[in-house]
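These notes concern the structure reproduced below.
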Amino acid sequence: MDVTEAFAAERARLVGLAARVLGDAAEAEDIAQQAWLRLHGTDAQIDNLPAWLTTVTTRLCLDRLRARTPVPEADLGQDDDPGLGSEPASDPAEDVALAAAVGTALQVVLDRLSPNERVAFVLHDSFGFDFPTIATLLDVTPVAARKLASRARAKVAQPSTRDALDDWEVVDAFMAAAREGDFARLVRLLAPDAVVAGDAAAVALGTPERIAGGNEIATFFDGAAHAALPVYVADRPGSAWFDRGTARVVFDFTVVDGRVARIDFRAADDVLAQVVRRRGAERR
C-alpha cells in the first residue's frame, strides 16, 4: 500500500478524532488536510503510520485549541497529588452514561476546559488512549496526563453553576447545530412545543410566517443559517442574517430552562437598529 492509500485508509478516523477534540467538523477536515501535507512533506522513516498520523493530528488540534484559548496550564507535577497514582481506571459503562447525561451541554463544557484537559479527556474517555500515550502527545508525565483527564471529567460530570448553559450559549449551540446539519442536537435544544414566527417585514424577505413544534423547526434549520452571526437584540442574545455587513433579519430567541422556546424572525427597522454584534457574551 503506497502512502496515499495508507493515508486514505486513516483519514476518516483522523477527521473523527479532530472533530471530537475541536467540536467543529470543518476544522477537523482542515486538520486532516494539514496532516496529509505533513506526511507528504516528511523525509522521516515512519514505522507506524497510524500512530504517527494520530500524533500529528493531535498536536495540530492542540495548536488550534491553544490559539483559541491561551490559558496557561496549571502545574501538574507528580508530587502535587499523592493519591493520584491509586485512582481507579474509568469504567467504560460509566463513560457512556456520562456522555448521555451531559447531552447538549457537553460541547459548551469542553470549550471551558484548558487545551490539555480537553485533549486528555477526549483521547482517553472517547477513544480509549492510555495515559502514557496521551502523556507523550501532550509532553507531560503519565501522572499529569491522568490528572488532566480526571480534572476534565469532574468538570464535565459535575458542572458548577458557571457551567450551566447561559442563554447566549444555548443560542450559539443552536446556530452551530443548524450550520453543521446536526438534526439530533437541534431537536435536543428545542422545547417540544417551540414556535417560530416572522413579523411582516421578515416574511416579506422570505422567512416563514410560522412553524410550530420542535421537529418541524429542527427540519427547517437543519443545514441552514450559514450567513447568520451572533448578535444582541437590545439586551437579548440572538443571531442575525447579514448581507454585505448589514443585518437584514434578526433571529430573536426566547430561551426557557436551557432550551429554545421561541424564535422570532424580525426585520422591522426599529428592531434592526438595536442589533449589536457579539462574541460569546461580549459586545463587539
Side-chain angles (χ1 to χ4, degrees), residues 19-20 22-28 99-111 159 163-243 246-281:
R20 184 65 169 159
L22 297 174
D24 187 302
E27 276 195 291
V102 171
T104 59
L106 176 58
Q107 191 59 49
V108 173
V109 179
L110 287 179
D111 287 342
D163 287 327
L165 286 175
D166 293 325
D167 286 359
W168 70 264
E169 292 171 316
V170 176
V171 170
D172 289 357
F174 181 89
M175 297 306 295
R179 287 190 297 272
E180 294 163 11
D182 190 340
F183 181 83
R185 193 177 185 205
L186 285 169
V187 171
R188 291 196 299 270
L189 285 165
L190 283 158
D193 57 351
V195 173
V196 166
D199 68 13
V203 171
L205 290 173
T207 72
E209 184 174 359
R210 182 177 175 83
I211 308 173
N215 283 315
E216 290 75 11
I217 295 170
T219 299
F220 174 78
F221 275 95
D222 190 23
H226 291 278
L229 298 172
V231 301
Y232 274 112
V233 188
D235 293 326
R236 298 183 305 283
S239 189
W241 168 56
F242 279 77
D243 177 38
T246 301
R248 302 297 186 187
V249 178
V250 170
F251 304 173
D252 195 355
F253 283 74
T254 300
V255 178
V256 178
D257 295 331
R259 302 177 84 179
V260 176
R262 184 181 178 93
I263 305 171
D264 287 284
F265 291 131
R266 307 176 67 189
D269 289 342
D270 61 329
V271 175
L272 296 178
Q274 301 177 63
V275 171
V276 177
R277 289 282 306 280
R278 64 178 172 84
R279 185 189 300 274

How far apart are the closest heavy atoms of A261 and A191, and which atoms are they?
CA-CB, 4.2 Å
Without swapping roles, check the side chain of D166 against the backbone of W168 for a donor-acceptor pair under 3.5 Å.
no
List the atom of R188, the atom of R259, and the distance in Å for their closest heavy-atom pair.
O-NE, 3.3 Å
Would you say D243 has more than 12 foreign heavy atoms packed within less than 6.0 Å of its CG?
yes
Should the ring pair F265 and F221 be called parallel, tilted or perpendicular, given that the plane angle runs from 0 to 90° and is split at 30 and 60?
tilted
Specify the closest pair of heavy atoms between A19 and A28, including all atoms of both residues, with the distance to one decimal.
N-CB, 3.4 Å
Hey, mind stepping through Q274 and D252 against side chain to side chain contact (heavy atoms under 4.5 Å, CB included) and telling me if it holds?
CA-CA 11 Å; Q274 301 177 63; D252 195 355; over 6 Å; no
CZ (R179) and CG (D222) are apart, to the nearest 0.5 Å, by 13.5 Å
Residues two or more places apart in sequence or in another chain: which of them pass salt bridge (Lys or Arg N to Asp or Glu O under 4.0 Å) with D264?
R262
I'd like to know if the side chain of R278 reaches the main chain of V231, judged simply by a donor and an acceptor atom lying under 3.5 Å from each other, with no hydrogens or angles considered.
yes
For D199 versus A268, what's the shortest heavy-atom pair and its separation?
OD2-N, 3.6 Å
Work out which heavy atom in G238 is nearest to a heavy atom in F253; give both atom names and the distance.
CA-CD1, 4.1 Å
Does T207 use its side chain to pair, donor to acceptor, with the backbone of A202 at less than 3.5 Å?
yes
What is the distance from atom CG of L229 to atom CE of M175, rounded to the nearest 0.5 Å?
9.0 Å
Roughly how far, to the nearest 0.5 Å, is CG of L189 from CD of E169?
11.5 Å
Working to the nearest 0.5 Å, report the span between CZ of R279 and CG of D172.
11.5 Å
Kindly determine whether F174 and L190 satisfy side chain to side chain contact (heavy atoms under 4.5 Å, CB included), including the steps that lead there.
CA-CA 8 Å; F174 181 89; L190 283 158; 3.6 Å; yes
Taking everything shown except E209 itself, do over 12 heavy atoms lie less than 6.0 Å from its CD?
no
Who are the salt bridge (Lys or Arg N to Asp or Glu O under 4.0 Å) partners of D257, not counting sequence neighbours?
none
Measure across R248 and L205 and return the closest heavy-atom pair with its distance rounded to 0.1 Å.
O-CD1, 3.8 Å
Using salt bridge (Lys or Arg N to Asp or Glu O under 4.0 Å) as the criterion, list what pairs up with R277, not counting sequence neighbours.
none
